[in-house]
Each structure stands twice: as C-alpha cells, then as structure tokens.
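Here is the naming used below: chain letters follow the sequence lines, and residue numbers restart at 1 for every chain.
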Number of protein chains: 2
Amino acid sequence: MGRASPPYSFGKPPMSLAHVILGLLQQQERTGYDLKTKCFDDCISHLWQADQAQIYRTLDKLESQGWITCNVEIQHDRPNRKVYRITEAGEAELTHWLQTHHPLPVLREPLLVQLYFAAQLPNEAIVYLLEQELEARQEKLAQCETIEALSLSNPTASREQKLHRLVLDLVKQREQTYLDWLEKAIATIRSQST
Amino acid sequence: MGRASPPYSFGKPPMSLAHVILGLLQQQERTGYDLKTKCFDDCISHLWQADQAQIYRTLDKLESQGWITCNVEIQHDRPNRKVYRITEAGEAELTHWLQTHHPLPVLREPLLVQLYFAAQLPNEAIVYLLEQELEARQEKLAQCETIEALSLSNPTASREQKLHRLVLDLVKQREQTYLDWLEKAIATIRSQST
DNA sequence: ATCCTATATATGATTAATCATATACTAGCA
DNA sequence: TGCTAGTATATGATTAATCATATATAGGAT
C-alpha cells in the first residue's frame, strides 16, 4: 500500500521533472504559467531548468496519472487559467520519491572534451576557450547570488529555508571549484611552451 | 571556406558525441566496438559516457556526413569489423568545433531536488539520503583514481598527457567538493531538532 | 496606427539518450 | 551437453528535452 498499483507506464525510475512539479504543487496550487515564470525561472533555476512546453506536457501526464487535479478558472480580460493542485496519491508518490536514492546524473561537459583533445591547438586558442568558460561560469555564479538575495535574504531561518540554503551552498561551491580550476588551468597553459 | 556548405541537417550546435568520436578517431582508426570498450568505458568514462547503440548510430551519421570513412575488415573466426577513419573534412570540422565556445551544460541533480523539498521528512530520512549519495560519490571518485592509475601513471608528460591531467583534476575536485559538502550537510542535519 | 510585452495554453518536429533485443561465431568451462 | 563470456554490429521502442510556432486578449509605448 501507499502507492498506486503497478501499471504506471509513465516514465519509470527518474521522471524527475514530474517530481519537481509535484514538490512545487505541494507548496501551493499553481498554473503551468506560474510554474514556469515564478518557480522555474525565478526560484529554482539553479536547481532545475525546464522548458515551457515540457512543463505543460508533464502536467497533462501528472493529471492522467491522478497525481494532480485541475480546476479551470474563467477569466474575461485574459486567457483562462488551469490551476493544478496535488492529490493524496500525488503526495504519497512525492513522499516516496523523496526518500528514494537515484543514480548520479551523467555529466557531459563540452569544455572538458575540448581540453582533452586540444593538444593540436596553439596555447592561445586553449586559453581563449578557458577564458570564455570562465566568463560564463562567473555569470552563473552571479545568477546564484541573485537567487540568494531574492529568496534567502530574510533572517527567518525555517527548516525549509535551511534546506534551500544547503542546496544553494553546493551549487555556489561547485561554481567556485570550477572558477578556481579555470584560473589555475589558464596559468598552467600560459606558462607552457607551445 | 574550411567547413562544408550549409545543408548539414545533422544535429546543429552541440552534437558533442559526434565530436568526441571525431577526437578519438583522430588519435587512430577504430571500430564501434573499440570505441565503446577501449575508449568510452576504459579511458574517458569520467568525461563522457556513451551507449553502444548511440555510438553505432552516430558513426552512421558521421559517415553519411563525410567526416569519417569506413573500411570493412573481413574476419572468418569472428564477425567482420568496420574500421572507421577520420577524413580531411572531419579533421576540419573537429578543429573548428574544438575552438568554439559551447553553452554550459544544464545540470539536473535529483538529490538537490530531494533536499530542496525535504522539509516534510524526518531528519533520519534526510541523513539516509545524504549518506547514500556520499557512498555513490566516493565510488565515483575511486573510479577517477582507477583511470588516473591506468592512463596517467607513467612519468612521460607529453602535451597531451598534461591536458588529460588537467581534465582529470577538475573531475576529481568536483567530486571532492561534493564529498566535503555532503559531510557538512550530514553534520548540519544531525545537529538539528526535527 | 502599429508594435511590443505580459498573460496563458498547446502542438509539431526533432535530437539525444537509454533500454531491450537480435544475430552470429568462437572458446572455455562445468 | 549446455552455459557463459567475448567479439561485433544493428534495429525498434521509448523518454526527456529543446525549439519553433500558433492562438488569443489587454494594455502601454512609440
């Protein structure tokens, strides 16, 4: 008991986006548009990026799965809103998923491939590549700091906020590790004879 | 000039796996089976993981693109081998790709999502989750060290090897950042009242 | 009068990736 | 005898993700 019986058919093991959405809908009811603009883009872009089309299609699947329900709000000045709410089955599924270990995600970084095969390139070309990456990573760290300022600025440290803080700490440290390594790598390549 | 004219149609911007394969074929000619077993699984698993089926399909695409050619080696005791070699057009494409900045890959980590929404869970459940992640990350770091021992043990420091070392350094540091954070996070949660 | 932005949802097309499975022969082991 | 492992390539099915585009209305700026 606790979970629906076997024939799920909907996306087996990870299905992570579905569960991110369940988590967000457990906080409060929302529309697809709210999820995209207020949640994914403004609050958890450091954590999970999602395409608008995929959000709407996942909402459809979650609804036909019985994990969320939909209530259409008629609006006259604007398009109607489909407000989604998590169901009891959805909460059970979320609670189960939250406690399940998932395999480490596969990382595929073009920059590392480039560096791995860069032996044929002149040093300046390699340094240029690393500098562009450095710039992109600095920008990403800045985005993390924006999110930090927006959502973790007030001193009220609820249990939830402490967890959000932990998550953001990792993401920031990850970027910092990258930045440190890039600076070291640039110095190493520069000091090298071609 | 330098690149084939517009109607590529094959996978636009990233197409990274195709370029990893081009890089490996520039080192020497290989079969799909060699690529899977000797390269992806043994040498660059820390860098890029690839499914056997996708390797074969990408070889087909690269061939029809004119970036590699194929020579069938007839074997009588075993299945025939299709030996692939990079072409001049392929080398030009690789050189171009190696110098192009690519957008940062999107990271989607189930564990971070779980922690973000874990406020409803008891501390022990959160700690258990973090400990499982810690174990998986330790194993991954150990895999990096195996690769290090296998491919970077000899003291000959060619230009190529120095680059491979840089790449491995980042991957190891990334895992270490994770491990440090996980230990800190476990201590933090443990010290917390439920 | 025209254009852009915001609100709101939806579909079609395509790519990248994974999983399962099929085929086929050899060699070694139990 | 049957089983497994290694060598070698290939296809079908499916999922996850991205991009482009379509529709519709209101309100503000140029």
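Atom P of nucleotide D/dA16 and atom CG of A/L59 are separated by 14 Å, given to the nearest angstrom. Note: NE2 (B/H102) to P (C/dA16) measures 13 Å, nearest angstrom. When rounded to the nearest whole Å, the span between OH of A/Y84 and C1' of C/dA10 equals 10 Å. If you take CG of A/L107 and C1' of C/dA17, they are 15 Å apart, rounded to a whole angstrom. In this structure, A/I55 places its CD1 atom 12 Å from C1' of C/dT9, rounding to the nearest Å. Remark: P of C/dA10 and CZ of A/R81 are 13 Å apart, rounded to the nearest angstrom. Computed from coordinates, the B/I21 CD1 to C/dA16 P distance equals 12 Å when rounded to whole Å. Atom CH2 of A/W48 and atom P of D/dT18 are 10 Å apart (whole Å).
For the salt bridge (charged side-chain N to carboxylate O under 4.0 Å, His left out) test, residues two or more places apart in sequence or in another chain that qualify with B/R165 are B/E148, B/D169. B/K162 pairs by the salt bridge (charged side-chain N to carboxylate O under 4.0 Å, His left out) definition with nothing, not counting sequence neighbours.
Exactly one of B/E131, B/E183, B/E124 qualifies for a salt bridge (charged side-chain N to carboxylate O under 4.0 Å, His left out) with B/R190. That residue is B/E131.
Apart from B/Y56 itself, the hydrophobic cluster it occupies contains B/Y33, where clustering links Ile, Leu, Val, Met, Phe, Trp and Tyr at side-chain heavy-atom distances under 4.5 Å.
The list of salt bridge (Lys or Arg N to Asp or Glu O under 4.0 Å) pairs with a residue in residues 18-31 of chain A, not counting sequence neighbours, reads A/E29-A/R85. Pairs of residues two or more places apart, or lying in two chains, that qualify as ring-ring contact (aromatic ring centres under 6.0 Å, His included) and include a residue from residues 142-167 of chain B are A/Y116-B/H164. Contacts classified as ring-ring contact (aromatic ring centres under 6.0 Å, His included) and involving residues 141-162 of chain A (residues at least two apart or in different chains) are not found.
The phosphate of D/dT18 (OP1 or OP2) has a side-chain N or O of B/R108 nearer than 4.0 angstrom. The phosphate of C/dT9 (OP1 or OP2) has a side-chain N or O of A/Y56 nearer than 4.0 angstrom.
Nearest to the side-chain atoms of B/K61 among the listed nucleotides D/dT9, D/dA16, C/dA16 stands C/dA16.
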Atom pairs under 3.5 Å, N or O on each side, protein against nucleotides 19-27 of chain C: can you list them with distances?
none

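One N or O on the side chain of A/R159 and one on the backbone of B/A119 form a donor-acceptor pair closer than 3.5 Å.
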Contacts table for residues 41-49 of chain A: side-chain donor-acceptor under 3.5 angstrom, sequence neighbours left out:
from, atom 1, to, atom 2, distance (Å)
A/D41, OD1, A/K36, NZ, 3.0

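Of the residues in residues 29-43 of chain A, not one comes within less than 4.0 Å of DNA chain D through any heavy atom.
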